There are 2 protein chains.
Amino acid sequence: MNSTSLLTFSLPITFTSTFSCDVIDEAKKRYANLINRQLEGGKPVDGIKRLGTVRLQIENRTCQNSYPNIQSNEAYSIHIVEDESVIRSVTIWGMLRGLETFSQLVYKRNKDAGNLINVTNIEDYPRYAHRGVMLDTARHFMPMKTITKILDAMSYNKFNVFHWHVVDDQSFPYTLRKFPEMAEKGAYHPKLVYTRDDIERIKREARLRGIRVIPEFDTPGHTFSWGKSFPELLTPCWGQGRPDTPNYPHHGPREIINPTLESTFDFMRDLYMEIRDDFPDEYVHLGMDEAYYACWQSSPNVSDWMSKRNMSTYNQIEQYYSERLIKIVDKIGLKSIVWQDPLENNVTFNKETIIQVWKDKKNDVNNPSVKNWEEYAQEVAKLGYNFILSSPWYLNMISYGQDWRNYYEIEPTDFTSNENEKKLVKGGEACMWAEYVDGTNIHSRIWPRASAIAERLWSAKNADNIEDAKFRLDEHRCRMIRRGIPAQPILNGHCNGEEWEYESKEQPPQQSVAISNYYNAILITLIITNFFSSFILSR
Amino acid sequence: MNSTSLLTFSLPITFTSTFSCDVIDEAKKRYANLINRQLEGGKPVDGIKRLGTVRLQIENRTCQNSYPNIQSNEAYSIHIVEDESVIRSVTIWGMLRGLETFSQLVYKRNKDAGNLINVTNIEDYPRYAHRGVMLDTARHFMPMKTITKILDAMSYNKFNVFHWHVVDDQSFPYTLRKFPEMAEKGAYHPKLVYTRDDIERIKREARLRGIRVIPEFDTPGHTFSWGKSFPELLTPCWGQGRPDTPNYPHHGPREIINPTLESTFDFMRDLYMEIRDDFPDEYVHLGMDEAYYACWQSSPNVSDWMSKRNMSTYNQIEQYYSERLIKIVDKIGLKSIVWQDPLENNVTFNKETIIQVWKDKKNDVNNPSVKNWEEYAQEVAKLGYNFILSSPWYLNMISYGQDWRNYYEIEPTDFTSNENEKKLVKGGEACMWAEYVDGTNIHSRIWPRASAIAERLWSAKNADNIEDAKFRLDEHRCRMIRRGIPAQPILNGHCNGEEWEYESKEQPPQQSVAISNYYNAILITLIITNFFSSFILSR
């Protein structure tokens, strides 16, 4: 090891910038704190040159009321040299990614326990623009502490989209301004709602981390909880010759949005206008998955309505509803993301719509009609839609052992297609459906499994050496633990005494500092060729 | 609902007893606190008769230096009546079980939020004497906070054995008095050890909860970490014509206890004498699983040693080692528990030895030679050994969905056998191997999945209605959350605003108290026929 390639420094590290911006000011504080925590008690090493202040240089000074979007430039560069180290970016969002990488570059070796950073040059940028985590807050309510901790951890993994599957059949925890009764009657419990303050806070905390918030109000299926306050939104199903009568297991007494009433579309317009005003993102997620027809099929009223419109098959109702809804949303200025299902029922969308591919044989092993995700991706691409991939990344589908390997080994363009079709892939999402998770287990179940997905979505296609990734991922999970995220283990081993739930026993201070006896590893950005002297980029 | 069958009370509940005993004194405090926490803010209900003090009446006043054992009588009865309620037991250990049940009887209904308990008569006792949780602290170190939290949760589920799989190949965190270098060199990290104080604390906290501690120092396999301090304990394996040379994947350079040296047995005697002095239980766990012969087979020294003893097959070495070890342990006054493996290699044990059946096709789907647990149970029973069952209860083997149902549906006597052989079943253990768990995820992964096993081991054979158990288990997981255990969800739903990570938002006090809008449910002991007026027992 050539010690001339090393620099040392005092804590806290000082980041300087001439540009005042809340996103950057908060990030400077956050990363100075994280580095302090990582290097707890660390001091400069004698006899090694000092790192000076780290200058943050941002080309485009847009800040106020600015939110990240799908076009945001997240590139950055890092130059660590003796005299004037600098992190450069085009946008404030790129600077956030640079600061995260920088915070993963500092380290201590076991023996001297002094702060070190390597002389380093990094040029880095993401492969995909849309790198999301989908969180279901309807099967189980996720407290604000849970959500903000997930946003924190997302930033440690350079995720940039929080896809908020906020409501579903089971509960409606979102407080709408115009329709407060939706949450009052649809939430699991009066305490288990997102208040207006909560919603503002999620938006603010996400923005400060360069994360877009894309809420999903899934229709026409998955809407049982909507009917608690607005029963007329749902279709009265018929059983035993009567409306509002269940016929289990085919349908309940009332379910799926009622497309036969004009009032339905008025309501949806009002709802999405409010969502548009609540969230700055140009995209909203319309859901549209799993529209089951049994209730519509049971209803003579629906049959009458269909005859009047010359409809002969039930997927024509889905087409009618979906195409009207997307026009409404388009008209009020929003672009849409939808799950893949309506395409399979011959719904057509405008070409700005992004399709989320979620089906895969592995997620539904007992259903012989489900195909491999690659076939669905191919079908969507053939239709010319941009899409994001989730099928292989269902975090809720747990299994014994190192299933992160399955996530890591996915190549999103590995479907039968030409080069133009491959370009339709805009990214992907790790999805956490909440049938079996809540604040008790969600963090350890997301992390570090989603970190493997994060690397796949950020890094170059050829950054695919899984045996190398294994140790970087293990180190990254320890880093997340030091940052307060209970990321679960992926291998036998330990985090050098910084285990979760470990409480110090007043040991001599020289024993309490070791951070890493492996090496200084960066999970997300880099492939390390020589642990202590140089890095090359993932591209 | 007949309100004459209800009583109300003020907080804290007063338990009186004329018998002074640390186990009971501490339990009175603990349960008064738990009930306070469950009923937070609850007040007596106007117009309902009052519950007086609850008298604890223990027949056998043995307390000081008393520890639970496999013969301990855990029966208790509870009589809730207006004037003089009483919990009766033969032993202090039975009283602990009675207090736990009592703490599950108190409740509040949503509306009036007043404290209630039903007029109740319960006679209860466990079906099996050995109801354990096995914890592996070697693949990952479990901090003291993690272990004591597990002991707490075990008491909420009436488990009575903490099987401590304390060391293994990966690490040796146990501080021995005579051989401190075992932990100094064998632990993952100097901080990741159980000090003498820690060991005493585990013993003390377990005793206060009526839990036996049975440590396991697994030999002859699973001993790699032992060789870090005492390399001569392990067999030098041969490769490329040389000793201490690996031949992957068959064997490492040195592994498995070396049975050819007398010093090995001297060491084991010293070790087990220390364990005997550390732990009051009459049983110790000797491990003896997965003794792989590749290293012995590689060694010409072992071959020579075998010829001198007229041994022709390698399982004869296992027999030699195992039978000598169990005689040593027997001679110093300890009875043994061993995993099932040595029996398969024709090792014979004295009939006081308890066999732990752990193998099952479901835990090892890719190995065609592994049979169903019922066949192993049958084999062990045919040989006349007492045994405990673990095969169907490997908590580390996770899968998507409600796998607690698989645990609950196990009937331990469902193997081909006669009535006498069925009596050899002494209980069972939920096993948590730690390849993929540590303090970050272990609590939510054990609970409430192990609760299903706890009920199976405590309750009568015919207490097997899973659809009923489902709601009691769901309520019990919310109860554990209120007690500080992050038990994961088993169904869609919620805990009435007392979700894990939920932080109160200064809401009006009348909104902050609801405990349960289901009913007053007891998980472990009882089948409830009429939620608000009477109970019948599980037998």
Side-chain angles (χ1 to χ4, degrees), chain A residues 138-146 149 169-171 187-192 195 197-198 396-402 434-445 447 477 481 485-505 507 511-512 514 517, chain B residues 138-146 149 169-171 187-192 195 197-198 396-402 434-445 447 477 481 485-505 507 511-512 514 517:
Chain A
R139 272 60 176 245
H140 282 95
F141 181 81
M142 304 295 163
M144 283 301 290
K145 186 175 173 180
T146 308
K149 206 183 273 191
D169 283 328
Q170 288 79 3
S171 72
Y188 273 137
H189 185 278
K191 289 168 78 176
L192 304 183
T195 64
D197 282 352
D198 292 338
N396 51 309
M397 302 299 292
I398 55 169
S399 60
Y400 181 72
Q402 296 191 38
E435 282 85 352
Y436 300 108
V437 294
D438 65 6
T440 61
N441 61 346
I442 197 166
H443 302 298
S444 61
R445 200 163 280 188
W447 312 110
R477 92 113 184 165
I481 285 180
I485 308 298
Q488 71 182 8
I490 60 157
L491 301 167
N492 291 328
H494 62 101
C495 294
N496 288 293
E498 305 194 85
E499 318 308 299
W500 196 261
E501 289 201 334
Y502 186 87
E503 290 171 326
S504 195
K505 289 172 193 156
Q507 292 189 336
Q511 287 198 317
S512 69
N517 63 4
Chain B
R139 272 59 176 249
H140 282 96
F141 181 82
M142 303 295 164
M144 284 300 290
K145 186 174 173 181
T146 309
K149 206 183 274 191
D169 283 326
Q170 289 79 2
S171 72
Y188 273 137
H189 184 278
K191 289 167 79 177
L192 303 183
T195 65
D197 282 352
D198 291 339
N396 51 307
M397 302 299 293
I398 54 169
S399 60
Y400 181 72
Q402 296 192 37
E435 282 84 353
Y436 300 109
V437 294
D438 65 6
T440 59
N441 60 347
I442 197 164
H443 302 298
S444 61
R445 199 165 280 189
W447 312 110
R477 92 112 184 164
I481 285 180
I485 308 297
Q488 72 183 7
I490 61 158
L491 302 167
N492 292 329
H494 62 101
C495 294
N496 287 294
E498 306 195 83
E499 319 307 299
W500 196 260
E501 290 201 330
Y502 186 86
E503 291 170 325
S504 195
K505 292 173 193 152
Q507 293 190 333
Q511 288 198 317
S512 68
N517 63 4

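If you're wondering where the values come from, they're calculated on a predicted model, not measured in any experiment. A note on names: the letters A, B, ... follow the listed sequences, proteins ahead of strands, and every chain is numbered from 1.
Chosen from Ser399(A), Pro489(A), Gly439(A), Ala434(A), the residue pairing most often with chain B at heavy-atom distances under 4.5 Å is Pro489(A). Heavy-atom pairs under 4.5 Å with chain A peak, among Asn441(B), Leu491(B), Ile442(B), Ile485(B), at Asn441(B).
In the model, Thr440(B) has no side-chain atom that pairs as donor or acceptor with a side-chain atom of Gln488(A) under 3.5 Å.
Ion pairing of Lys191(B) with Glu498(A) is absent here, as no side-chain N (NZ or NE/NH1/NH2) approaches a carboxylate O to less than 4.0 Å.
Between Gly401(A) and Tyr436(B), the closest heavy-atom pair is CA-CE1, 3.5 Å. Closest approach of Gln170(B) to Asn492(A), counting heavy atoms only: NE2-ND2, 3.2 Å. Contact between Trp500(A) and Pro143(B) at its shortest, heavy atoms only, is O-CG, 3.3 Å.
Heavy atoms closer than 4.5 Å to chain A are found in both the backbone and the side chain of Asn396(B). Of the atoms belonging to Ile490(B), it is backbone heavy atoms, and not side-chain ones, that fall under 4.5 Å from chain A. If you measure heavy-atom distances from Ala138(A) to chain B, you find no contacts under 4.5 Å at all.
In this structure, Met142(B) CE and Glu501(A) CD are separated by 10.0 Å, a value rounded to the nearest 0.5 Å. Here His494(B) contributes atom NE2 and Arg139(A) contributes atom CZ; the two are 15.5 Å apart, rounded to the nearest 0.5 Å.
The aromatic rings of Tyr502(B) and Phe141(A) sit tilted relative to each other, their planes meeting at an angle between 30° and 60°.
Between the side chain of Tyr188(A) and the backbone N or O of Gly493(B) there is at least one donor-acceptor pair closer than 3.5 Å.
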Next item on the list: Mind running side chain to side chain contact (heavy atoms under 4.5 Å, CB included) on Tyr400(B) and Glu435(A) for me, showing each step along the way?
Entry: CA-CA 10 Å; Tyr400(B) 181 72; Glu435(A) 282 85 352; 4.1 Å; yes
